[in-house]
Amino acid sequence: MPARYGSDLIIDLLKALGIEYVALNPGSSFRGIHDSLVNYESSRQPNPEIILCCHEEIAVSVAHGYAKASGKPMAAIVHNVVGLQHASMAIYNAWCDRTPILVMGGTGPMNSAKRRPWIDWIHTALVQGNLVRDFVKWDDQPTGVEAIPSSIMRGHRIAMSDPKGPVYLCFDVTDQEAPLDKEIPLPDPGRFRPPAPLQAEAEAIKEAARLLCEAQNPVILADYLGRNNEAVLSLVELADLLAIPVIDLGARLNFPNTHPLNLTGKNSELIANADVIMGLDVMDLFGALARHDAASHSSSPAIKPGCKVIHATLADLAVRGWTSDFQELAPVDVPIVADTKVFLPALIEEIRRKGKFSQGVVEERRKAFAAQHDEIRARWQSELKKRWDERPISPPRLAHEVWEAIRKESWLLVAGGFRSWPQRLWDWDKPGLYLGGYGGGGLGYAPGASVGASLIHRGKGTICVNLQRDGDLLYTTSALWTAANMRVPLLTVMTNNRVYYNDVEHQEKVAIARGRPVENKFVGMQMEKPAVDFANLARSFGISGEGPVTEPDKIRPALDRAIKVIKEEGRPALVDVIIQAV
């Protein structure tokens with residue numbers, strides 16, 4: 001049936017754009033949209049499925065994780081001023097992580113004569129988007145039902161245009177609930193799709209190819225490149241072509257860790273010896289190419305004089321002035337504004353077509369780096385062996401046990417870098433197996449994002465793994481309920497050290513610098529009196545919970561039981577493991 005109200009039109013537009021899910025915490029400012037999601041039916045495909053969340057930060061985090069796993073945006077609806085404030089940290093995480101989300105909200109009535117006393121006044125702003133404008137790509141508050149199609153189409157296009165990111169669309173309750181006196185035609189989404197990926201100019205491609213071909217010790221740094229699986233495969237092709245070692249900086253899975261040219265772990269040595277360094281979507285290029293003294297807050301160059309630096313990125317197109325997420329400005333000899341998905345194939349073609357390089361030098365590099373790659377992998381295995389029986393359980397032992405439990409399954413690491421141990425000990429042999437971290441450094445990301453990333457794997461036999469930090473979970477604990485409610489195939493493994501350890505390290509450094517007692521570094525940091533019972537907490541939300549596991553040989557049986565629950569009962573599971581702080 002045709003749309004009868006403004007909110008019906010909004011739902012038709014979301015369906016036309018292929019939006020499959022809407023995460024929300026209920027609120028009166030979008031009661032019209034909520035009703036349309038539930039009760040309005042049209043001849044089109046089914047309405048987006050509602051993902052009920054207990055907090056707006058979780059709703060946006062769910063959309064964040066879903067977009068990273070699927071490559072498509074998801075909608076998250078937040079309740080006027082208060083809901084948007086709750087959601088703001090999650091929006092900032094998505095902004096820093098360059099992840100597309102349609103954040104939607106309601107406001108008003110903007111006509112003050114129609115407002116309810118008190119509540120409608122304190123929950124209405126001029127304009128609501130001001131709150132998040134500095135960390136969304138665009139915000140809009142359309143006036144009148146006729147303006148809604150253009151607003152949603154533009155918002156979707158902007159969110160999905162690289163560099164991607166969240167947008168915020170706010171709809172007056174009056175427009176949501178307004179009866180439509182005429183049919184408003186739906187635009188063709190194909191005519192409002194994002195533009196083609198941005199390519200580098202031809203001369204920049206030629207210069208990059210020349211420098212790489214002539215280099216004796218080239219190095220590639222990759223950070224956000226892995227947001228696109230095709231770019232990862234192109235990077236493998238390029239590395240193989242010239243035997244260039246790759247350092248994976250970890251914002252995504254950028255390069256298979258099983259590949260003999262993956263030299264992650266020898267960063268300092270390779271960078272110091274390089275004569276050409278190419279960065280690919282590196283968020284903090286300055287930080288990657290500098291030595292840092294934490295005590296004196298000073299930095300010095302880590303590259304040798306004369307080293308040429310190439311950087312292909314779209315980061316310059318996403319700079320705002322409110323925060324410094326753009327990082328320190330790094331000197332670059334060949335700056336390239338391009339989408340690495342299209343830049344790398346063009347660079348490879350140029351090298352094959354005109355590149356002049358010594359095949360003997362390439363083969364010599366290939367053999368040397370393969371041996372170094374094997375040394376790095378052996379070093380991590382040696383570290384694992386050395387720390388095998390430590391108590392409390394060592395991080396490498398836990399990472400190993402999780403890997404042994406899932407390696408024969410179809411698996412995806414949806415959240416939790418866990419101090420890089422999965423990158424060192426697991427086999428990341430193809431793109432897309434690790435979705436990266438939280439972007440903005442805001443705690444509370446992983447519980448919701450892991451739910452969103454797991455949504456698309458329901459019924460597919462994939463085990464989605466979240467290596468969950470204890471402090472992070474305590475920010476957005478009720479995401480566990482959403483996981484249980486949606487029955488996602490999520491294995492949450494608590495990397496539980498019962499302390500906010502990052503700040504312990506900071507307190508230790510300050511105490512040493514000031515000549516004060518280092519043993520006091522844990523004061524105000526520990527969560528032991530009482531210790532949080534995460535397994536019981538999980539069970540209270542409807543998730544299978546087990547632990548705390550304190551003995552190394554008890555980890556694997558607990559994980560096996562959890563995986564059995566996920567596969568046979570179709571519900572998520574949590575295993576709480578007590579580990580060392582380092």
Side-chain angles (χ1 to χ4, degrees), residues 2-14 22-40 50 52-57 59-60 63 75-92 95 101-156 158-159 166-184 320 322:
R4 296 177 57 191
Y5 298 93
S7 57
D8 295 345
L9 175 63
I10 292 172
I11 300 309
D12 274 340
L13 289 162
L14 293 181
V22 173
L24 58 83
N25 179 251
S28 60
S29 65
F30 59 89
R31 65 185 189 181
I33 297 175
H34 196 149
D35 171 77
S36 295
L37 280 168
V38 175
N39 294 315
Y40 167 61
I50 292 176
L52 178 58
C53 303
C54 304
H55 193 286
E56 287 88 354
E57 182 175 353
V60 175
I77 310 181
V78 298
H79 175 42
N80 62 50
V81 173
V82 290
L84 188 58
Q85 290 183 85
H86 279 307
S88 61
M89 182 63 251
I91 296 172
Y92 183 67
W95 162 259
I101 301 173
L102 292 179
V103 183
M104 299 166 57
T107 191
M110 296 308 293
N111 182 342
S112 60
K114 296 184 178 182
R115 293 177 189 164
R116 294 173 293 167
W118 183 63
I119 193 68
D120 278 351
W121 288 83
I122 65 172
H123 285 180
T124 299
L126 290 174
V127 289
Q128 212 155 276
N130 283 347
L131 183 66
V132 295
R133 185 163 294 159
D134 288 309
F135 46 95
V136 295
K137 288 190 69 178
W138 184 65
D139 71 275
D140 193 32
Q141 190 167 310
T143 300
V145 174
E146 294 83 357
I148 290 176
S150 176
S151 179
I152 292 179
M153 287 293 156
R154 188 187 299 273
H156 181 269
I158 290 174
V167 299
Y168 175 63
L169 308 176
C170 185
F171 304 102
D172 190 327
V173 295
T174 304
D175 291 336
Q176 293 180 48
E177 299 176 19
L180 301 182
D181 55 11
K182 61 180 180 180
E183 184 175 351
I184 298 178
R320 293 288 177 86
W322 182 66

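Nothing fancy with the numbering, it's 1 onward along the sequence. Only this structure's heavy atoms are used, side chains among them; waters, hydrogens and symmetry mates stay out.
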State whether the side chain of Asp8 and the backbone N or O of Tyr5 hold a donor-acceptor pair below 3.5 Å, judged by distance alone. yes

Do the side chain of Lys114 and the main chain of Pro109 share a donor and acceptor less than 3.5 angstrom apart? no

Please report the shortest heavy-atom distance between [X] and [Y], naming the atom on each side.
X	Y	answer
Val132	Ser88	CG1-CB, 4.4 Å
Cys170	Pro142	O-CD, 3.2 Å
Glu57	Ala90	O-CB, 3.4 Å
Ala178	Val145	CB-CG2, 4.2 Å
Val173	Gly108	CG2-C, 3.7 Å
Ser151	Leu169	OG-CD2, 3.8 Å

Hey, are the side chains of [X] and [Y] touching, using non-hydrogen atoms and a 4.5 Å cut-off?
X	Y	value
Gln128	Leu84	yes
Ile184	Pro149	yes
Ser29	Thr107	no
Leu13	Met153	yes
Gln85	Leu131	yes
His55	Asn25	no
Val103	Val136	no
Phe30	Ser7	no

Intermediate values then yes/no, side-chain contact (heavy atoms from CB on, under 4.5 Å), Ile50 and Val38: CA-CA 9 Å; Ile50 292 176; Val38 175; 4.0 Å; yes

Test side-chain contact (heavy atoms from CB on, under 4.5 Å) on Ile77 and Ile33; report intermediate values, then the result. CA-CA 9 Å; Ile77 310 181; Ile33 297 175; 3.8 Å; yes

Please report whether the ring centroid of His123 lies less than 6.0 Å from that of His79. yes

Any chance CZ of Arg31 has more than 12 other-residue heavy atoms, nucleotides or ligands included, within less than 6.0 Å? no

Checking side-chain contact (heavy atoms from CB on, under 4.5 Å) for the pair Val22/Met104: CA distance, chi angles, key distance, verdict? CA-CA 10 Å; Val22 173; Met104 299 166 57; over 6 Å; no

Quick check for you: to the nearest 0.5 Å, what is the distance between [X] atom [atom1] and [Y] atom [atom2]?
X	Y	atom1	atom2	value
Ile11	Leu37	CD1	CG	3.5 Å
Glu56	Met89	CD	CE	15.5 Å
Trp95	Trp322	CH2	CH2	11.5 Å
Thr124	Arg116	OG1	CZ	9.0 Å
Leu9	Glu183	CG	CD	10.0 Å
His86	Ile91	NE2	CD1	12.5 Å

Just do the side-chain contact (heavy atoms from CB on, under 4.5 Å) check on Ile152 and Phe171 with the steps written out, would you? CA-CA 10 Å; Ile152 292 179; Phe171 304 102; 3.9 Å; yes

Quick test of your reading: applying ring-ring contact (aromatic ring centres under 6.0 Å, His included), list the pairs with at least one residue in residues 137-156, sequence neighbours left out, ordered by first then second residue. none

Residues Arg133, Asp139; criterion salt bridge (Lys or Arg N to Asp or Glu O under 4.0 Å); working and verdict: CA-CA 7 Å; Arg133 185 163 294 159; Asp139 71 275; 2.7 Å; yes

Could you point out which residue of Leu126, Thr174, Thr143 forms a side chain to side chain contact (heavy atoms under 4.5 Å, CB included) with Met110? Leu126

